[in-house]
Structures are given as C-alpha cells and as structure tokens.
*Asks:* 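For reference, the structure I am asking about is given below.
The structure displayed is predicted, hence computed values, not measured ones.
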Amino acid sequence: MRRLLPILSLAAAALALTAAPAAARSNPYSPERVCGAGYSRVTHNPLTATSNQRVTIATAYLLYSRYTGKNCAVTLKARSIGKPTYTTAVIKKRGTGNPYDAKVDHGYFSYFAGPVYVHAPQTCVRYGATVSVPKPRTPGRIVYFRSFYSGWVGCH
C-alpha cells in the first residue's frame, strides 16, 4: 500500500492537469509599456473576427505624451499570441498633404506591431491597424483578417 499511494497521487495530479481547461493566453504587453514612459491612452479600437463580432483578435491603440508632443500607435494581438502573424500599426499626422507619409510598422509579429510615433502637438492624427490570425481548430489557410483606420482624433 505504501508504494501504491505515491503512484495514485501522481496519477490523480496528472488527471487533474489534463482535465482542467487550458487558460487563454493573454498578451504580456500593454500599450503604455510598448510606447514608453509618459504615454497615456487617448483612444482604442478592437478588431473583431469577421465571422463573430464578439471575438477580439487585436486592439489598435493611440497614445499621447504631453511631455514630448508625440503620438504613438500600437496594435496588440489578442489571438495567436506568441506566434508570428501579419500585424500592422499605422499613424498619420493631419496636414501633411501626402497620403503616403504615414508611419507604418508591419510584419509577422508574435505580440504587437509598433510602436510608431509622430510629433503632432495640437494636431489631429489618424491611427490604424491590420491583423491576420488563423481561426482556431481550422486546418488550412482560413484566417481572421481585419483592418481599421480611424478618423481624425487626438487633437491635443
């Protein structure tokens, strides 16, 4: 019986670990951590799955530092965290004239895209994001894909 007790204890512990549902992995980064000290949130926009609006796959954030006069845009993933998927963060200052002068960070990132900065004290900015992540339990190339681009906001 003495030898059986440790074996039963180990078996019970293993069963408890496999029976418990896996906790959803959360992103260890915050927009303030990504942008840096002194940045505060101005606004944000969740990017939801095309087929299920209740499933957030990423969130686009706009932050501002009144000390530097800079805005910061960052996109934090909420799905496929830790796995590289195509993600972007974009920011554009109002009044620059050229539609192609937005600051963009894009690529295959595991946690976030950005930060991208623009010096825009007392000036409006637009921010945006794109994210593409695989649908859970779906083989092949089926993905959630969303883009967002704000109107003029953050006119400090």
*Asks:* Restricting to non-hydrogen atoms, name the atom on T75 and the atom on A58 that form the minimum distance, rounded to 0.1 Å.
*Replies:* CG2-CB, 4.0 Å
*Asks:* Shortest non-hydrogen contact from I81 to P28?
*Replies:* CG2-CD, 4.4 Å
*Asks:* If hydrophobic clusters are built from ILVMFWY residues whose side chains come within less than 4.5 Å, do L47 and V55 share one?
*Replies:* yes
*Asks:* Determine whether L63 and S40 make a side-chain contact, defined as any pair of heavy atoms from C-beta on separated by less than 4.5 Å.
*Replies:* no
*Asks:* Return a table of donor-acceptor pairs under 3.5 angstrom between the side chains of residues 104-115 and protein atoms on other chains or two or more places apart.
*Replies:*
residue, atom, partner, partner atom, Å
D105, OD2, G114, N, 2.7
Y111, OH, R25, NH2, 3.3

*Asks:* Any chance you could lay out the side-chain contact (heavy atoms from CB on, under 4.5 Å) test for W152 and R126, step after step, and finish with the verdict?
*Replies:* CA-CA 5 Å; W152 295 110; R126 294 179 79 175; 3.3 Å; yes
*Asks:* Nearest heavy-atom pair of N71 and V125: which atoms, and what distance?
*Replies:* ND2-CG1, 3.6 Å
*Asks:* Considering the options T59, V131, N45, which one meets the side-chain contact (heavy atoms from CB on, under 4.5 Å) requirement together with F148?
*Replies:* N45
*Asks:* If I take atom CZ from residue R33 and atom CG from residue L76, how far apart are they, to the nearest 0.5 angstrom?
*Replies:* 10.5 Å
*Asks:* After noting the C-alpha distance and the side-chain angles of E32 and Y61, does the key distance pass the side-chain contact (heavy atoms from CB on, under 4.5 Å) rule?
*Replies:* CA-CA 10 Å; E32 293 83 1; Y61 292 93; over 6 Å; no
*Asks:* Please round to the nearest 0.5 Å and tell me the distance separating atom OH of Y117 and atom SG of C72.
*Replies:* 4.5 Å
*Asks:* Considering all heavy atoms of both residues, which atom of S132 and which atom of F145 are nearest to each other, and what is their separation?
*Replies:* CB-CD1, 3.7 Å
*Asks:* Checking side-chain contact (heavy atoms from CB on, under 4.5 Å) for the pair V153/L62: CA distance, chi angles, key distance, verdict?
*Replies:* CA-CA 9 Å; V153 295; L62 176 66; 3.5 Å; yes
*Asks:* Indicate the atoms forming the closest heavy-atom contact of I91 with A73, along with that distance.
*Replies:* CB-CB, 3.9 Å
*Asks:* Compare all side-chain heavy atoms of V90 with those of Y127 and state whether any distance is below 4.5 angstrom.
*Replies:* no
*Asks:* Just wondering, do K70 and V118 contact through their side chains at under 4.5 Å, heavy atoms?
*Replies:* no
*Asks:* Is the number of heavy atoms from other residues, nucleotides or ligands under 6.0 Å of R41 CZ greater than 12?
*Replies:* yes
*Asks:* Without swapping roles, check the side chain of K93 against the backbone of H119 for a donor-acceptor pair under 3.5 Å.
*Replies:* yes
*Asks:* I'd like to know whether Y39 forms a side-chain contact (heavy atoms from CB on, under 4.5 Å) with T68, so could you lay out the CA-CA distance, the side-chain angles of the two residues, the decisive distance to 0.1 Å, and finally the verdict.
*Replies:* CA-CA 9 Å; Y39 281 87; T68 64; 3.7 Å; yes
*Asks:* If you take all heavy atoms of P134 and Y144, which pair is closest and at what distance?
*Replies:* O-CD1, 4.3 Å
*Asks:* Is there a donor-acceptor pair under 3.5 Å between the side chain of N27 and the backbone N or O of K77?
*Replies:* yes
